Number of protein chains: 2
Amino acid sequence: MGASYYQFCPVAKAMELLDERWTLLIVRELMSGSERFNEVRRGVPRMSPTLLSKRLSQLVRAGIVTRGADGDRYVLTPAGEELRPVVEALALWGIRWIGELGDHDLDPKLLLWDMRRRIDHDAVPDGRTVVLFGFPDVPVRERHWWLVLAPGDADVCDMDPGFEVSVTVTGDLRQMVRIWRGDLRWEDALRSGEVTVRGPESLRRAVPGWFVLPPFAAAPRPA
Amino acid sequence: MGASYYQFCPVAKAMELLDERWTLLIVRELMSGSERFNEVRRGVPRMSPTLLSKRLSQLVRAGIVTRGADGDRYVLTPAGEELRPVVEALALWGIRWIGELGDHDLDPKLLLWDMRRRIDHDAVPDGRTVVLFGFPDVPVRERHWWLVLAPGDADVCDMDPGFEVSVTVTGDLRQMVRIWRGDLRWEDALRSGEVTVRGPESLRRAVPGWFVLPPFAAAPRPA
DNA sequence: CTGTATCCTCAAGGATACTG
DNA sequence: CAGTATCCTTGAGGATACAG
């Protein structure tokens with residue numbers, strides 16, 4: 001647990017639990033649907049497993065998280081679920097007031113992991129669809145990513161899974177992140193050539209519709 | 001500044017600024033109307049002035065706080081003002097899910113400082129009204145507090161200011177804090193005798209109406 | 001896959017005194 | 001009133017390897 005503030009104020013009592021590094025990001029991951037240790041971990045890749053384990057235990061002790069019936073999952077309790085307005089308020093504030101991202105904030109692994117769980121499967125063609133992402137501004141090792149879409153399923157690979165590629169999306173990671181955060185519109189990125197999509201005409205036009213931007217992306221920005 | 005999370009997620013970017021110890025409590029103080037260094041300090045008495053100074057500088061650098069025109073005040077910027085929903089969401093969550101307070105969370109200084117700024121001056125009689133608080137469960141040094149009310153003004157003293165006392169409120173600090181947080185109703189505390197008010201009948205009945213409980217006090221609690 | 005165990009460093013921040 | 005200066009401790013958390 002974090003150190004006490006020795007205050008009866010509910011903000012202080014809440015922050016005693018929540019102001020430790022990583023804690024709210026773990027809660028965010030659980031709210032996004034991650035349940036297993038390594039699922040959560042994919043959302044906080046810079047966190048050591050030791051620390052993640054410790055934080056999860058703290059959250060369980062604090063009554064924010066509980067172990068699933070099979071003892072293997074981490075699930076938010078009602079108290080944890082009620083942190084959603086906190087996380088949403090933080091996301092809204094963050095998207096409005098922190099627009100500049102450092103190069104180190106751009107992680108293709110995190111982008112794909114996040115896109116993976118926000119696929120509009122109804123918009124994707126039946127059968128298997130493979131989207132190859134290429135980020136020219138990223139070191140070769142992490143430049144290419146395959147997103148394998150099947151009805152109700154989506155997988156991310158950082159190595160060629162061997163399937164035929166349906167469409168290829170190419171553009172700097174920074175621009176793709178801007179699109180994903182709602183700082184740049186697909187159509188503007190495509191028009192300017194900052195991002196290009198190759199593949200059959202019908203698929204090309206459909207690609208942007210396959211990805212549901214996170215809720216905060218639509219938030220109005222300060223003038 | 002806090003360490004980076006190396007994520008583009010706006011929650012992560014927000015928490016880089018806000019997850020450091022004390023930071024959101026300072027923001028809460030500024031939202032409550034404190035503007036001067038020592039006003040803020042009264043709201044975070046366990047914080048060293050050095051650290052408070054450092055945090056305020058960080059908040060200024062982050063664009064959340066700015067110095068007032070006279071260069072002597074700390075004022076929230078629009079970005080800082082927009083943290084209000086975050087603080088409110090935290091307060092609501094805290095009041096609902098963290099009901100147990102340790103003995104060290106009960107600070108009469110903080111309670112009076114908070115009450116002082118939430119006086120309903122329209123409900124208080126004209127002229128000077130002096131409320132003496134006595135907390136039998138608190139060490140003698142901090143047991144007695146005088147709240148001196150005048151039209152549009154309120155002062156807290158931990159020593160007898162020498163004015164005639166209008167009403168005396170006596171009750172354990174823990175119960176007074178429960179009242180203030182909305183965990184216990186004035187009328188229930190008075191009926192049970194956990195808190196007693198002495199003074200002229202007309203004033204006695206009026207006392208609870210002089211204090212406007214903080215907004216979160218009215219929040220429904222989980223069943 | 002789901003974590004533990006270990007080691008190590010650094011800096012956050014608590015305490016206290018002091019200054020313009 | 002509005003902060004600085006200084007000292008000091010400890011534990012947070014990063015890194016890496018390993019285990020059931």
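Everything numeric in this text was worked out from a predicted model, so none of it was measured. Letters A, B, ... mirror the listed sequences (proteins, then strands); counts begin at 1.
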*Asks:* Would you mind checking if B:Arg141 and B:Asp158 are paired as a salt bridge, meaning a charged N to carboxylate O distance below 4.0 Å?
*Replies:* no
*Asks:* Rounded to the nearest angstrom, tell me the gap between atom CZ in A:Arg73 and atom C1' in C:dG3.
*Replies:* 16 Å
*Asks:* At less than 4.0 Å, is any side-chain N or O atom of B:Arg21 found next to OP1 or OP2 of D:dA12? Yes or no.
*Replies:* no
*Asks:* Grab the CZ-P distance between A:Arg46 and D:dA12 for me, whole Å please.
*Replies:* 21 Å
*Asks:* Determine: side-chain N/O of B:Trp22 to OP1/OP2 of C:dA12, distance under 4.0 Å, yes or no.
*Replies:* no
*Asks:* Once you apply a heavy-atom cut-off of 4.0 Å, does A:Arg36 come out as touching a base, just sugar-phosphate, or nothing?
*Replies:* sugar-phosphate
*Asks:* Would you mind telling me which residue lines up with the more 5' stretch of DNA chain C, B:Arg55 or B:Arg41, judged by nearest nucleotide?
*Replies:* B:Arg55
*Asks:* How many whole angstroms separate atom CD of A:Glu39 from atom P of C:dC1?
*Replies:* 10 Å
*Asks:* Among the nucleotides C:dT2, C:dG13, D:dT16, which one has an atom lying closest to any side-chain atom of B:Glu20?
*Replies:* C:dG13
*Asks:* Measure from the side chain of A:Ser48, starting at C-beta and using heavy atoms only, and say which of D:dT16, C:dA12, C:dT4 lies closest.
*Replies:* D:dT16
*Asks:* To the nearest angstrom, how far is A:Met47 atom CE from C:dT4 atom P?
*Replies:* 13 Å
*Asks:* Does a salt bridge link B:Arg174 with B:Asp137, judged by any charged N lying under 4.0 Å from a carboxylate O?
*Replies:* no
*Asks:* Have B:Arg36 and B:Tyr74 got a donor and an acceptor in their side chains that come within less than 3.5 Å?
*Replies:* no
*Asks:* What integer distance in Å separates B:Asp70:CG from D:dA2:C1'?
*Replies:* 12 Å
*Asks:* As a test of reading the structure: which of C:dG3, C:dT16, D:dA15 is closest to the side chain of A:Phe37, going by heavy atoms?
*Replies:* C:dG3
*Asks:* Does the pair B:Arg181/B:Asp183 count as a salt bridge with the N-to-O cut at 4.0 Å?
*Replies:* yes
*Asks:* How many whole angstroms separate atom CG of B:Leu56 from atom P of D:dA2?
*Replies:* 12 Å
*Asks:* I want to verify a distance call: between D:dT16, C:dG14, C:dG3, whose nearest atom is closest to the B:Leu51 side chain?
*Replies:* C:dG14
*Asks:* Is a salt bridge present between A:Lys109 and A:Asp107, judged by a nitrogen-to-oxygen distance below 4.0 Å?
*Replies:* yes
*Asks:* What is the distance from CG of A:Leu52 to C1' of D:dG13, rounded to the nearest Å?
*Replies:* 13 Å
*Asks:* Once hydrogens and angles are ignored, does a donor-acceptor distance under 3.5 Å link the base of C:dA5 to the side chain of A:Thr50?
*Replies:* yes
*Asks:* At less than 4.0 Å, is any side-chain N or O atom of A:Arg67 found next to OP1 or OP2 of C:dG3? Yes or no.
*Replies:* yes
*Asks:* Taking for each residue the nucleotide of DNA chain D bearing the nearest heavy atom, is the 5' side occupied by A:Pro49 or by B:Ser53?
*Replies:* B:Ser53
*Asks:* Counting side-chain heavy atoms from C-beta on, which of C:dG13, C:dC1, D:dT16 comes nearest to A:Asn38?
*Replies:* C:dC1
*Asks:* So, does B:Tyr74 get its side chain near the phosphate of D:dG3, meaning an N or O under 4.0 Å from OP1 or OP2?
*Replies:* yes
*Asks:* Regarding B:Arg42 and B:Glu39, does a basic nitrogen lie under 4.0 Å from an acidic carboxylate oxygen?
*Replies:* no
*Asks:* Side-chain N or O of A:Lys54 versus OP1/OP2 of C:dG3: is the shortest distance under 4.0 Å?
*Replies:* no
*Asks:* Using atom OH of B:Tyr5 as one end and atom C1' of D:dG14 as the other, report the distance to the nearest whole Å.
*Replies:* 14 Å
